[in-house]
Asks: 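I'd like to ask you about the structure that follows.
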Number of protein chains: 2
Amino acid sequence: MAAVQKVPDIVVGRLPVYLRALQVMAAEGREITSSQELGERLGISSAQIRKDLSYFGTFGKQGTGYRIPDLIEHLRRILKVDRTWDMILIGAGNLGHALAQYQGFTPRGFRLVAIFDNDPEKIGRPIGPHVIQDVQELPEFVRAHRVQIAMIAVPASAAQQVADLCVEAGIRAILNYAPIHLKVPKRILVQYIDPAIHLQQMTYYLGNEG
Amino acid sequence: MAAVQKVPDIVVGRLPVYLRALQVMAAEGREITSSQELGERLGISSAQIRKDLSYFGTFGKQGTGYRIPDLIEHLRRILKVDRTWDMILIGAGNLGHALAQYQGFTPRGFRLVAIFDNDPEKIGRPIGPHVIQDVQELPEFVRAHRVQIAMIAVPASAAQQVADLCVEAGIRAILNYAPIHLKVPKRILVQYIDPAIHLQQMTYYLGNEG
DNA sequence: ACGTGTGAATTAGTTCACAGCT
DNA sequence: AGCTGTGAACTAATTCACACGT
């Protein structure tokens, strides 16, 4: 069955996790896997994996399982990472530097094409292959290069303003590292990364001994 | 009603988000809010917020709403961040440096107490107030200081090994930045941060024009 | 004999809607 | 008049379990 019905967000959210695990298996030289094996690796039920995949098609072979390279290709196509997406980064602090140097984007479908900051001390300095640009140049850059994805790594106090600028410039998806909820039009996709949120989720379950 | 029934994980996962938003409001000088206002800020229904809070007690006043400082205190107590948790960091690369310098942990209940790496070039070097220690010293340090939380910021190839070492040393909660799923005993809490996963979730929804 | 794909059954999560307090 | 807290109603997600193809 093709993806005619709307796929639940929660299912879409698991696909990249499946893809990552499959790529690990491929790197191990594995050719075939099963929903059961994949589920065991990820702590997910095999039924869940089969059901999730069934929203998009039928990729396995009964009695055998899934050919890893094939399933990887299908997932890459479904997630649209069978191409490379340009991204910009705003914020050239410690986190910005780490993101700028991160080698993990390229093999997974993403490429950083520009870094912006508003600090005159930083503008013009190199980070890896890039030079920090004035955030004022962001709108023109985004329009000229048709960039759709931005990563925001500025302080909380500046994040909303930067987000507004991005949206105005035509950015359609934001990965926000600032610890605030962004107010953006519904059409804009936003994902949040905030380590303290994850840590606080865990401390709830940690005993009081600490 | 007190937290007698088991609280769903998904509810626990939202509490830190509520807390963060309330702290923003408090910083704005606000004293009172309502489930409706909070929900609008976060894109969540007011009923959801009231229901979530009802797992833990009744914190609001009918006709009025919630006193922000009080609700913050309740959430901090519920999440056990009304104290400071010691954390260690393994991996002193770009990301490790960013995490080591991050000012956002302290105000939210966390304190980095040690940084480890296995690279002889890095061991002994300072990062902010810390000195990078040999990962060999990790077990003794964790035991001596009763550290319960570790952040893993090493390459994927080393992450499982580091996680095993942490678990063996007595770590109970792991925030893993390496792009692999960790195999750990069920009693260990693990949270994952992987920007590519978030990006791939968004590209699913982005049109094909890019 | 094995593992997929999938309706059906079950469980979990969200929203409704309103009594009750301020 | 306004907003909480919460059972009840509803919707969503997960798991079950098995027919079917290899």
Side-chain angles (χ1 to χ4, degrees), chain A residues 1-18 21-22 25 30-75 78 201 204, chain B residues 1-18 21-22 25 30-75 78 201 204:
Chain A
M1 167 229 313
V4 357
Q5 61 212 283
K6 206 225 171 266
V7 180
D9 288 357
I10 197 165
V11 171
V12 175
R14 280 190 294 260
L15 298 184
V17 177
Y18 300 164
L22 288 162
M25 286 183 184
R30 307 281 317 286
E31 281 278 314
I32 303 280
T33 190
S34 63
S35 59
Q36 176 157 36
E37 184 191 37
L38 188 55
E40 271 163 20
R41 287 222 189 187
L42 297 176
I44 289 177
S45 79
S46 62
Q48 173 116 90
I49 290 171
R50 295 199 304 279
K51 176 72 90 179
D52 286 352
L53 295 177
S54 78
Y55 282 98
F56 303 97
T58 94
F59 308 121
K61 199 181 276 183
Q62 288 168 326
T64 308
Y66 303 89
R67 274 203 22 92
I68 292 172
D70 292 356
L71 190 47
I72 286 174
E73 263 331 289
H74 280 118
L75 286 173
I78 292 165
Q201 263 178 80
Y204 173 82
Chain B
M1 169 227 314
V4 356
Q5 60 212 286
K6 208 226 169 266
V7 180
D9 288 357
I10 196 165
V11 171
V12 175
R14 282 190 293 259
L15 299 184
V17 178
Y18 299 165
L22 288 163
M25 286 183 184
R30 306 283 317 286
E31 281 277 312
I32 303 280
T33 190
S34 64
S35 59
Q36 176 157 34
E37 184 191 37
L38 188 54
E40 271 164 19
R41 286 221 189 188
L42 297 175
I44 290 178
S45 78
S46 62
Q48 175 114 84
I49 290 171
R50 294 199 304 277
K51 176 71 93 178
D52 285 352
L53 295 177
S54 78
Y55 282 99
F56 302 97
T58 93
F59 308 122
K61 200 181 274 184
Q62 289 168 325
T64 310
Y66 303 89
R67 273 205 20 96
I68 292 171
D70 292 356
L71 189 48
I72 287 175
E73 263 331 292
H74 279 118
L75 287 172
I78 291 165
Q201 265 177 75
Y204 173 82

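A, B, ... follow the sequence lines: proteins, then strands. Residue 1 opens every chain.
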Asks: Expressed as a whole number of angstroms, how long is the span from B:Leu71:CG to D:dG5:C1'?
Replies: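 From B:Leu71 CG to D:dG5 C1': 14 Å.
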Asks: Hey, which sits more toward the 5' end of DNA chain D by its nearest nucleotide, B:Ser34 or A:Asp52?
Replies: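 So the residue in question is B:Ser34.
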Asks: For A:Thr58 and C:dG5, is the shortest distance between a side-chain N/O and OP1 or OP2 below 4.0 Å?
Replies: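 So the side-chain polar atoms of A:Thr58 do come within 4.0 Å of the phosphate oxygens OP1 or OP2 of C:dG5, strictly under.
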Asks: May I have the step-by-step check of side chain to side chain contact (heavy atoms under 4.5 Å, CB included) for A:Tyr66 and A:Leu22, ending in yes or no?
Replies: CA-CA 10 Å; A:Tyr66 303 89; A:Leu22 288 162; over 6 Å; no
Asks: With DNA chain D as reference, determine whether A:Lys61 or B:Gln36 sits nearer its 5' end, using the nearest nucleotide of each.
Replies: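 It is B:Gln36 whose nearest nucleotide is closer to the 5' end.
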Asks: Rounded to whole Å, how long is the line connecting atom CG of A:Leu38 with atom C1' of C:dT4?
Replies: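 From A:Leu38 CG to C:dT4 C1': 14 Å.
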Asks: Check the distance between C:dT11's P and B:Lys6's NZ and give it to me in whole angstrom.
Replies: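 Between P of C:dT11 and NZ of B:Lys6: 17 Å.
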Asks: How close do B:Arg67 and B:Ile32 get, heavy atom to heavy atom, and via which atoms?
Replies: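 Of all heavy-atom pairs spanning B:Arg67 and B:Ile32, the closest is CG-CD1, 3.7 Å.
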Asks: Atom CG of A:Leu53 and atom P of C:dG3: how far apart are they, to the nearest Å?
Replies: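 Distance check: A:Leu53 CG to C:dG3 P gives 16 Å.
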Asks: Nearest to the A:Ser54 side chain among D:dT14, C:dT6, D:dT22, which nucleotide is it?
Replies: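 Taking heavy atoms from C-beta onward, the closest nucleotide is C:dT6.
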Asks: If I take atom CG in residue A:Asp70 and atom P in nucleotide C:dT4, what distance separates them, rounded to the nearest angstrom?
Replies: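 Taking atom P of C:dT4 as the reference, CG of A:Asp70 is at 14 Å.
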Asks: Check DNA chain D against residues 42-51 of chain B and give the residues with a non-hydrogen atom under 4.0 Å, in numerical order.
Replies: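 Listed by number, they are B:Arg50, B:Lys51.
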Asks: Determine whether a donor-acceptor pair (one donor, one acceptor, N or O, separation below 3.5 Å) exists between the side chain of A:Gln62 and the base of D:dT22.
Replies: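 No such pair is found, so the answer is no.
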Asks: How long is the line joining CG of B:Asp9 and C1' of C:dG13, in whole Å?
Replies: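 From B:Asp9 CG to C:dG13 C1': 13 Å.
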Asks: Can you tell me if B:Tyr55 touches the phosphate of C:dT14, counting only side-chain N or O atoms and a distance under 4.0 Å to OP1 or OP2?
Replies: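 Checking C:dT14 against B:Tyr55, no side-chain N or O comes under 4.0 Å of OP1 or OP2.
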Asks: Step by step, would you call B:Phe56 with B:Leu15 a side chain to side chain contact (heavy atoms under 4.5 Å, CB included)?
Replies: CA-CA 11 Å; B:Phe56 302 97; B:Leu15 299 184; 3.5 Å; yes
Asks: What pair of heavy atoms forms the shortest contact from B:Met25 to B:Leu38, and how long is it?
Replies: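 Answer, listing the atom of B:Met25 first, then B:Leu38: CE-CD1, 3.8 Å.
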Asks: So if I take every side-chain heavy atom of A:Ile10 and compare against C:dT4, D:dA13, D:dG5, which nucleotide ends up nearest?
Replies: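 Looking only at side-chain atoms, A:Ile10 lies closest to D:dA13.
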Asks: Are A:Leu53 and A:Leu71 side-chain neighbours, meaning at least one heavy-atom pair lies under 4.5 Å?
Replies: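 Yes, side chains in contact.
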Asks: If I take atom CG in residue A:Leu15 and atom P in nucleotide D:dA13, what distance separates them, rounded to the nearest angstrom?
Replies: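 Value for this atom pair: 14 Å.
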Asks: Hey, what do you get for OG (A:Ser34) to CZ (A:Arg50), rounding to the nearest 0.5 Å?
Replies: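 Answer rounded to 0.5 Å: 9.0 Å.
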Asks: Taking the minimum atom-to-atom distance to the side chain of A:Ser35, which one of D:dT4, D:dT22, C:dT4 wins?
Replies: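 Selected nucleotide: C:dT4.
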Asks: Output yes when at least one side-chain N/O atom of B:Thr64 is less than 4.0 Å from OP1 or OP2 of D:dC3, else no.
Replies: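 Answer is no, no contact under 4.0 Å.
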Asks: Kindly say if B:Arg14 contacts the phosphate of C:dT14, meaning a side-chain N or O under 4.0 Å from OP1 or OP2.
Replies: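 B:Arg14 to C:dT14 OP1/OP2: side-chain N or O found under 4.0 Å.
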Asks: For the CD atom of A:Glu40 and the CD1 atom of A:Ile49, what is their distance to the nearest 0.5 Å?
Replies: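 Between atom CD of A:Glu40 and atom CD1 of A:Ile49 there are 9.5 Å.
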Asks: How many Å lie between NE2 on A:His74 and P on C:dT4, as a whole number?
Replies: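 Rounded to the whole Å, the gap is 15 Å.
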Asks: How far apart are the C-alpha atoms of A:Glu73 and A:Phe59, what are their side-chain angles, what is the distance that settles it, and do they pass the side chain to side chain contact (heavy atoms under 4.5 Å, CB included) test?
Replies: CA-CA 10 Å; A:Glu73 263 331 289; A:Phe59 308 121; over 6 Å; no
